[in-house]
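First the structure, in the form of structure tokens, and then the observations on it.
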Amino acid sequence: MFTFGIVDDEYEYLHIISDCIVDCIGNNHDIYRFKSGKDLIKSNLTFDLVFLDIELETEDGIEVAKKLDYITSGIIFITSHQEKVFDAFNKNVYKFVLKNNLKKFFNQDFLEILYKMNYDTVEIYHNKEIDKVKFDNIILVEYKNRNTEIVTVTNIFKLSKTPLKNFSDKLNNDFIDVNRHIYINYKYIDHINKNSGILIEKLNRYIPIPKHRYDRVIKEYIKRKFRI
């Protein structure tokens with residue numbers, strides 16, 4: 001089941017988008033409608049996908065999007081003005097859709113984006129609940145004291161008495177196994193040094209690299225960083 005947010009100051013489009021979602025994938029999903037970005041943020045909800053109007057009555061949708069990194073896995077910008085497209089993209093934006101092309105988008109692209117979102121996220125069973133976390137938001141996965149810890153930009157999930165392999169097998173190719181106990185998302189590596197190890201500034205932490213793994217870690221990092 002997906003959770004969608006729709007932000008538009010035009011009542012008509014709140015319902016057009018909502019109806020298009022239901023027509024495509026049925027009504028077994030949560031759909032929340034908001035007249036402003038402030039209302040969406042104040043809801044304290046998290047979303048799999050947010051449809052966001054760029055030109056809201058009292059807000060700039062592009063500025064609103066910058067505040068949504070940790071409450072949605074993805075954003076689809078909607079607008080009536082094509083010239084805004086080049087201002088609108090950031091890492092969480094899946095698509096830019098003109099309002100007069102909404103039906104075409106739902107017929108041709110929507111299901112493909114949902115499939116991609118599933119590939120870009122992993123489900124974590126934690127405290128008897130399932131959290132869906134975007135790979136981009138996972139900094140590292142570490143095994144210590146017989147627990148596997150998933151460290152994200154906003155949270156730490158501790159999987160009690162869970163072998164590292166039970167979770168590491170779910171990771172995508174962005175992660176490097178630095179040693180037998182830790183996988184690091186290359187996007188959060190700020191510096192690599194043979195003596196001090198890997199610096200992750202976001203955690204204010206150096207992670208040592210075993211001597212016999214240093215060359216391989218460097219090669220794996222370069223391959224991911226420069227896509228070679």
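Using the six-membered ring where Trp is involved, H181 and Y143 have ring planes that are parallel, under 30° apart on the 30 and 60° scheme.
Taking the ring axis of Y13 as reference, the NZ or CZ atom of K99 stays within 45° of it and closer than 6.0 Å to the ring centre.
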(message) The test is salt bridge (charged side-chain N to carboxylate O under 4.0 Å, His left out); show your working for E59 and K38 and say whether it passes.
(response) CA-CA 9 Å; E59 300 167 290; K38 284 183 180 178; 5.6 Å; no

Practice prompt. Evaluate the criterion side-chain contact (heavy atoms from CB on, under 4.5 Å) for residue pair I207 and I184; output intermediate values, then yes/no.
Written response: CA-CA 10 Å; I207 296 167; I184 300 176; 3.6 Å; yes

* Give the C-alpha distance, both sets of side-chain angles, the deciding distance and a yes or no for side-chain contact (heavy atoms from CB on, under 4.5 Å) between V64 and V7. => CA-CA 10 Å; V64 171; V7 184; 5.9 Å; no

**Study point:** Residues V122, F167; criterion side-chain contact (heavy atoms from CB on, under 4.5 Å); working and verdict
**Key:** CA-CA 10 Å; V122 62; F167 189 80; 4.0 Å; yes

Would F47 and L68 count as a side-chain contact (heavy atoms from CB on, under 4.5 Å) if you check the C-alpha gap in whole Å, the side-chain angles of each, and the deciding distance to 0.1 Å?
CA-CA 10 Å; F47 304 90; L68 303 186; over 6 Å; no

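A search for side-chain contact (heavy atoms from CB on, under 4.5 Å) contacts involving T58 returns nothing, not counting sequence neighbours.
Side-chain atoms of I198 and I176, non-hydrogen and from C-beta on, never get closer than 4.5 Å to each other. In this structure the side chain of F34 never reaches within 4.5 angstrom of the side chain of V50, judged on heavy atoms. Contact annotation: the side chain of I139 approaches that of I200 to within less than 4.5 Å [non-hydrogen atoms, C-beta and beyond]. Proximity of L140 to R205: side-chain heavy atoms (C-beta onward) are separated by under 4.5 Å at one or more points. Between I62 and L52, every side-chain heavy-atom pair lies at or beyond the 4.5 Å cut-off. The closest side-chain heavy-atom distance from R213 to R180 is below 4.5 Å.
Between G61 and F77, the shortest heavy-atom distance links the atoms O-CE2, 3.7 Å. Across every non-hydrogen atom of E123 and K170, the tightest pair is O-NZ, 4.0 Å. The two atoms that bring R216 and D177 nearest to each other are NH2-O, 2.9 Å, heavy atoms only.
Taken together through direct or relayed side-chain contacts under 4.5 Å among Ile, Leu, Val, Met, Phe, Trp and Tyr, V133 and L171 form part of one hydrophobic cluster. Hydrophobic clustering of Ile, Leu, Val, Met, Phe, Trp and Tyr side chains at less than 4.5 Å, counting indirect connections, keeps F135 apart from V178. Both L40 and I75 sit in one connected hydrophobic cluster of ILVMFWY residues. Membership requires side-chain heavy atoms under 4.5 Å apart, directly or through other members. Cluster membership for L114 and I6, using ILVMFWY side-chain heavy atoms within less than 4.5 angstrom, is shared. Cluster membership check: I17 shares its hydrophobic cluster with Y94, using side-chain heavy-atom separations under 4.5 Å among Ile, Leu, Val, Met, Phe, Trp and Tyr.
Atoms OG1 and CG, from T154 and N137 in turn, are 6.5 Å apart once rounded to the nearest 0.5 Å. Here the CG-OH distance, from N193 to Y206, works out to 7.5 Å after rounding to the nearest 0.5 Å. Once rounded to the nearest 0.5 Å, the distance linking CD1 of I76 with CZ of F96 reads 12.5 Å. With rounding to the nearest 0.5 Å, the separation of CG in L102 from CZ in F105 is 8.0 Å. For the atom pair CD1 (I138) and CD1 (I150), the distance works out to 7.0 Å, reported to the nearest 0.5 Å. Rounding to the nearest 0.5 angstrom, the gap separating the OG1 atom in T79 from the CG atom in L98 is 7.0 Å.
Residue E57 qualifies as open at atom CD: its count of foreign heavy atoms under 6.0 Å is 12 or below. Residue-environment remark: CG (N204) stays at or below the threshold of 12 foreign heavy atoms within 6.0 Å. Residue-environment remark: CD (E63) exceeds the threshold of 12 foreign heavy atoms within 6.0 Å.
Judged by distance alone, with hydrogens and angles left aside, the side-chain atoms of Y186 form no donor-acceptor pair with the main-chain N or O of I222 at under 3.5 Å. A distance-only check finds no donor-acceptor pair linking the side chain of D53 to the backbone of L56 [under 3.5 Å]. Side chain of K134 to backbone of T121: no donor-acceptor contact under 3.5 angstrom is found. Side-chain N or O atoms of N101 include none that pairs as donor or acceptor with a backbone N or O of V97 at under 3.5 Å.
For F106 and F51, the gap between ring centers is short of 6.0 Å.
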Using distance only, find each side-chain donor-acceptor pair of residues 155-166 under 3.5 Å and give its atom names and separation, not counting sequence neighbours.
residue, atom, partner, partner atom, Å
T162, OG1, L159, O, 3.4
T162, OG1, S160, O, 3.0
K165, NZ, D169, OD1, 3.2
K165, NZ, D169, OD2, 3.3

Solution key, residues 20-33 side-chain donor-acceptor pairs under 3.5 Å, sequence neighbours excluded:
residue, atom, partner, partner atom, Å
H29, ND1, F2, N, 2.9
H29, NE2, I25, O, 3.4
R33, NH1, S18, OG, 3.0

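For the salt bridge (charged side-chain N to carboxylate O under 4.0 Å, His left out) with D174, the qualifying choice from R224, K225, K187, K223 is K187, the only one to do so.
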